[in-house]
Student: 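Mind having a look at this structure? Questions to follow.
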Amino acid sequence: MPELPEVETVVRLVRPKLVGRTIEGVHVSWLRSLGGSSRRAFEAAVVGTRVRAVWRRAKFLVFDLEREGEVAGWLVGHLRMTGRFHVEPRGFEAGPHERVRLDLDRGRSLHFIDVRKFGRLVFATDLEEAFPALGPEPLGEEFTARSLHAGLSERRRLLKPLLLDQSFVAGLGNIYVDECLHLCGLHPERRSDRVSAADAGRLHAAIQSVLSEAIEREGSSFDTFYRTPEGKPGSYQHQFRVYGRTGRACRTCGDPIRRIVVAQRGTHFCPRCQGRASPRTRTARG
DNA sequence: AGCTACTCCTGGTAGC
DNA sequence: TGCTACCAGGAGTAGC
């Protein structure tokens, strides 16, 4: 599932191939990938524009578009579970899962490929409107141990669903949350307001080190879905401490990794290294 | 405020 | 072999 490290990898690899290119045509095979726009409106908005910049916010990819030097809007992409971007020579056969294709100058095309069709490539004239409420970037300066501890303290939620909440911190997903919680030794069902400042500091450090290392390794590929725009798998999956390791030995203590379901998400953790969940009493009815 | 359930989707796989 | 049933999961939404 593409999370921040995978999206960052895609942005870095696709940027040099897209910046400066003009969009000469579009081909849409799955209308809903456009997020509610019609083919005609999308085409009118995008064809003839030039890509000025490619960047990332949370798990969104953003292409700044200009027309005759003026801002013409933005293309906002989200890979969700199975989305991929590839830049290939014109005529490249991207297969049955291509949803949108942008034909570029200099004989190239950008392919948006998405098996499960949850991903989006949306044209926006207002960036603020295009994004949902997003918390700080976990690798940005705003996100500190202190701010994390303050945020945890003012909510009363279970750690795992809170860390998955993009309005709390933007960019983590199911895999990296499990990895971060194991690294800092916190149970996914610990209540957020019961995390000490010291533990929040460890969690903060864990988030930054897991994400940075995953970016260095170009993300994680453990099934056929995520590949870089060069078609290569990432390699962070070899570092997984808990994700997908149910029943196997914890790399720290040797006890078996357990899988439970928290907030409808498969959740992997070491019962010995990650302590106890907070008791559920008094959380539901106050 | 915070929880669960449901929705969108398809490929893979378990069970028969 | 071939069928059905079910699962994974990011994020939005509805309802309690």
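Lettering of chains follows the sequences in order, A, B, ..., and the numbering in each one begins at 1.
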Student: Please report the distance, rounded to the nearest Å, between CG in A:Leu152 and C1' in B:dA1.
Tutor: 16 Å
Student: Cluster question for you: counting only ILVMFWY and a side-chain heavy-atom cut-off of under 4.5 Å, with indirect links fine, are A:Leu164 and A:Phe240 together?
Tutor: yes
Student: Tell me, with the steps shown, if A:Asn174 and A:Tyr243 meet side-chain contact (heavy atoms from CB on, under 4.5 Å).
Tutor: CA-CA 9 Å; A:Asn174 202 43; A:Tyr243 187 85; 3.9 Å; yes
Student: Are any of the side-chain heavy atoms of A:Leu139 and A:Gln208 separated by less than 4.5 Å?
Tutor: yes
Student: Judged by each residue's nearest nucleotide on DNA chain B, which is more toward the 5′ side, A:Pro161 or A:Phe225?
Tutor: A:Pro161
Student: What I want to find out is whether A:Asp103 reaches A:Arg101 closely enough, with some N-O distance under 4.0 Å, to be called a salt bridge.
Tutor: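 Counted as a salt bridge, because a side-chain N and a carboxylate O are separated by less than 4.0 Å.
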Student: Which whole-number value in Å describes the distance from A:Ile113 CD1 to B:dC9 P?
Tutor: 19 Å
Student: Using nucleotides 5-8 of chain C, report all nitrogen or oxygen pairs with the protein that are shorter than 3.5 Å.
Tutor:
residue: C:dA8; atom: OP1; partner: A:Arg259; partner atom: NH2; Å: 2.8
residue: C:dA8; atom: N3; partner: A:Arg116; partner atom: NH1; Å: 3.3

Student: Once you round it to whole Å, what is the distance between P of B:dT4 and NZ of A:Lys160?
Tutor: 13 Å
Student: I need the OH-P distance between A:Tyr226 and B:dT10, as an integer number of Å.
Tutor: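 It works out to 24 Å between those atoms.
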Student: Could you tell me if the side chain of A:Pro136 sits less than 4.5 Å from the side chain of A:Ser147, heavy atoms only?
Tutor: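 When only atoms from C-beta onward are counted, A:Pro136 and A:Ser147 do not touch, as no gap falls below 4.5 Å.
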Student: How many Å lie between CG on A:Leu159 and P on B:dG2, as a whole number?
Tutor: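 About 13 Å, once rounded to whole Å.
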Student: Check this one for me: any side-chain N or O of A:Lys117 less than 4.0 Å away from OP1 or OP2 of B:dC8?
Tutor: no
Student: Please list, chain by chain and in numerical order, all residues satisfying salt bridge (Lys or Arg N to Asp or Glu O under 4.0 Å) with A:Arg50, sequence neighbours excluded.
Tutor: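 In terms of salt bridge (Lys or Arg N to Asp or Glu O under 4.0 Å), with neighbours along the sequence ignored, A:Arg50 is linked to A:Glu66.
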Student: For the helix from B:dG2-C:dC16 to B:dC16-C:dG2, how many degrees between its two end axes (five pairs per end), to the nearest 10°?
Tutor: 50°
Student: Does A:Asp193 have any salt bridge (Lys or Arg N to Asp or Glu O under 4.0 Å) partners at least two apart in sequence or in another chain, and if so, which?
Tutor: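 Partners of A:Asp193 by the salt bridge (Lys or Arg N to Asp or Glu O under 4.0 Å) criterion, ordered by chain and then number, come out as A:Arg156, A:Arg191.
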Student: Output, in order, the C-alpha distance, side-chain angles, deciding distance and verdict of side-chain contact (heavy atoms from CB on, under 4.5 Å) for A:Arg84 and A:Thr82.
Tutor: CA-CA 7 Å; A:Arg84 277 158 79 164; A:Thr82 57; over 6 Å; no
Student: Under a 4.5 Å cut-off applied to non-hydrogen side-chain atoms, are A:Leu163 and A:Cys180 in contact?
Tutor: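 A:Leu163 vs A:Cys180: side chains apart.
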Student: Do A:Pro5 and A:Leu211 come close enough that some side-chain heavy atom pair is under 4.5 Å?
Tutor: yes
Student: Could you go over nucleotides 11-14 of chain C and give all protein N or O partners under 3.5 Å, atom names and distances?
Tutor:
residue: C:dA11; atom: OP1; partner: A:His78; partner atom: NE2; Å: 2.9
residue: C:dA11; atom: OP2; partner: A:Lys59; partner atom: NZ; Å: 2.9
residue: C:dA11; atom: OP2; partner: A:Gln166; partner atom: NE2; Å: 3.3
residue: C:dA11; atom: N7; partner: A:Arg265; partner atom: NH2; Å: 3.1

Student: Taking the nucleotide of DNA chain B with the nearest heavy atom to each, does A:Gln264 or A:Arg32 sit closer to the 5' end?
Tutor: A:Gln264
Student: In whole angstrom, give the distance that lies between atom CZ of A:Phe131 and atom P of C:dG10.
Tutor: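 From A:Phe131 CZ to C:dG10 P: 19 Å.
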Student: Nearest to the A:Ala263 side chain among B:dT10, B:dT4, C:dG10, which nucleotide is it?
Tutor: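 Nearest to the side-chain atoms of A:Ala263, counting from C-beta on, is B:dT4.
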Student: Check the pair A:His187, A:Phe269 against ring pair (Phe, Tyr, Trp, His ring centres under 6.0 Å), reporting the backbone distance first and the verdict last.
Tutor: CA-CA 7 Å; A:His187 195 287; A:Phe269 73 109; 4.6 Å; yes
Student: Phosphate oxygens OP1/OP2 of B:dG11: is one of them under 4.0 Å from a side-chain N or O of A:His97?
Tutor: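 True: A:His97 side-chain N/O within range (under 4.0 Å) of B:dG11 OP1/OP2.
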Student: Going by the salt bridge (charged side-chain N to carboxylate O under 4.0 Å, His left out) test, which pairs reach into residues 235-246 of chain A, not counting sequence neighbours?
Tutor: none
Student: Using whole Å, report how far CG of A:Asp165 lies from P of B:dT4.
Tutor: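 In whole Å, B:dT4 P lies 14 Å from A:Asp165 CG.
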Student: What is the distance from CZ of A:Phe168 to P of B:dA1, rounded to the nearest Å?
Tutor: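 To the nearest whole Å, that distance equals 15 Å.
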